[in-house]
*Asks:* 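Could you have a look at this structure, given as structure tokens, before my questions?
This is a predicted model, so every value here is computed, not measured. Whatever order the structure lists them in is the order used to number ligands and atoms, beginning at 1.
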Amino acid sequence: MDSIRLRECDNEYVWHPFSPMQAYREEDAPIIVSGDGFFLIDSDGNRYLDGISSLWCNVHGHRIPEIDQAVRQQLDRIAHSTLLGLSNPVAIELASELVQRTPPDLNKVFYSDNGATAVEVALKMAYQYHIQKHSSPGKRDIFVCLSGAYHGDTIGSVSVGGIDLFHATYSNLLFDTVCVPSPVTYRTPDGYDADSYLARCYDELARVIVENQDRIAALVIEPLVQGAAGILVHPSGYLKRVRQLTADHKILLIADEVAVGFGRTGSLFACEQEDVCPDLLCLAKGISGGYLPLAATLATDEIYDAFLDDPTKGKTFYHGHTYTGNPLGCAAALASLNLLEQNRVLDNVRMNAQRLADSLARIEDWPHVGEIRQKGIMVGIELVLDREKKTPYALQERMGHQVTLAARNHGVIIRPLGDVIVLMPAPAMPGELLDQLCDTVIDAIDETTN
Ligand SMILES: *Cc1c(COP(=O)(O)O)cnc(C)c1O
């Protein structure tokens, strides 16, 4: 099919995720036919720098010989066999590698195929754990989450989500949660400054946990950075405090590292930075280097052991997806892990984090730049109509989207969160390409807001 025909068929048959389809169909979005390192190539032959790691998952770039080869070699053996009652060598090897690299108490790996299922699995494990562990079953059925949280789009993961635009529609379908305020201070409620508001966030966290201590199954958190909320960066020490409070009250901690995992915050896993070991850890996005759909939920022995008993006792975890532990995905993940170490990708992330900060300092006091938030190589630039009053742009201006279109015209692919411009370069992106990404996006912001 040529480009024109492809576009006709795209508009005729494909319903795109998270995309307002009426507008999408008028926009002639690029149709990506191939990749080349950190670039994407469309059906008209245009090259674009991939500024969001193909939605936050690509790690080493596209068409990386070592990962390609690992997938091909696995294809020569088998593409898929089930993990229900059987096993496969790559799933076994990857589980062992993950256990070695994640915080110390996480010794068991449950596979699935995307971030939402990794969270869904953790929620169900936490709930069932309490039932099977304690003598008074069924009481611990509340989950604590953070305002603005995003954990995926299945009904369970939406239940622990806090983004109204995505989640409010389904409110009647969701289970009960208690929400604590996200510890961020760009916009504080009346009567608070940054310090007093943060103090309130800590107090609220403690209050919610103490008041509901016997009813809470788990607290779910995106460690260090709340991605989809607009790259909200937590103050250091918050995660540690969450861990202390949950541990003190026998509440499980679920760390959703789907976005922050595999290097994006400067360490392999974000929890490391506060020396925290969660009870359950959710991994997806970067796990396969951004090659194939794969996810994992890691659990402690304490949790795993609560599911052991005579098979007739019904303590089994009755959950599993058809493509659980898919060998192609696991082969890609093993190759990606090797490359992370061989190429010292974490060193690159730390250098690039500084390089990003230096580049973005240029626009810090621009009149429509409200706040620049950054952790590692995760960046959110919040655009506002009025910098002093922090007034957002009118919704219908779709300012974030306009900047995206301008960047695309200059050969860079980004995708905003509302009016927050997101930069999510691949952890292995070379510095010169990072500069190109920043320069282009800064130009696009300049063009669009002035
Ligand atoms: C993207 C994301 C998810 C959902 O992952 P999918 O693979 O899209 O289902 C869950 N949690 C966080 C923190 C994410 O950023």
*Asks:* Against L328, only a single residue in L294, V90, L292 fulfils side chain to side chain contact (heavy atoms under 4.5 Å, CB included); can you say which?
*Replies:* L292
*Asks:* Check each of L294, V258, D153 against atom 3 (C) of ligand 1 and report the one with the nearest heavy atom.
*Replies:* V258
*Asks:* Going by the order shown, which atoms of ligand 1 are within less than 4.0 Å of some heavy atom of N114?
*Replies:* 7 (O), 9 (O)
*Asks:* So, is E222 polar-close to ligand 1, with some N/O to N/O distance under 3.5 Å?
*Replies:*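 No; every N/O pair is 3.5 Å or more apart.
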*Asks:* Identify the protein heavy atom lying closest to atom 1 (C) of ligand 1, giving its residue, its atom name and the separation to 0.1 Å.
*Replies:* K285 NZ, 1.5 Å
*Asks:* Under the salt bridge (charged side-chain N to carboxylate O under 4.0 Å, His left out) rule, what pairs show up with a residue in residues 270-285, not counting sequence neighbours?
*Replies:* R243-D279
*Asks:* Verify whether one side chain among S34 and R63 offers a donor that lies under 3.5 Å from an acceptor in the other.
*Replies:* no
*Asks:* Compare every heavy atom of A406 with every heavy atom of T448, then report the nearest pair and how far apart it is.
*Replies:*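 Smallest heavy-atom distance, with atoms named: OG1-CB, 3.7 Å.
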*Asks:* So, for atom 9 (O) of ligand 1, does the protein have a heavy atom nearer than 4.0 Å?
*Replies:*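 Yes, there is one.
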*Asks:* Taking distance alone, with no angle check, do A116 and ligand 1 share an N/O pair under 3.5 Å?
*Replies:* yes
*Asks:* Counting only heavy atoms from other residues, nucleotides and ligands, does the tally under 6.0 Å from CZ of R200 exceed 12?
*Replies:* yes
*Asks:* With a cut-off of 4.0 Å, which atoms of ligand 1 are near a heavy atom of G152?
*Replies:*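 Checking each atom against G152, I get 4 (C), 10 (C).
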*Asks:* Can D68 and Y291 be counted as having a side-chain donor-acceptor contact under 3.5 angstrom?
*Replies:* yes
*Asks:* Is the CZ atom of F18 crowded by more than 12 outside heavy atoms at less than 6.0 Å?
*Replies:*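 Enclosed.
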*Asks:* Of the listed options (A118, A229, G115, G261), which comes nearest to atom 6 (P) of ligand 1 when hydrogens are ignored and any heavy atom counts?
*Replies:*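 Nearest heavy atom to atom 6 (P) of ligand 1 lies in G115.
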*Asks:* Name all residues meeting the ring pair (Phe, Tyr, Trp, His ring centres under 6.0 Å) criterion together with H234; count only those two or more places apart in sequence or in a different chain, and write none if there are none.
*Replies:* Y238
*Asks:* Under 3.5 Å between any N/O of W56 and any N/O of ligand 1: does that happen in this structure?
*Replies:* no
*Asks:* Consider ligand 1: state whether an atom of it lies below 4.0 angstrom from any non-hydrogen atom of D256.
*Replies:* yes
*Asks:* Going by the atom numbers of ligand 1, which of them fall below 4.0 Å from some non-hydrogen atom of A259?
*Replies:* 15 (O)
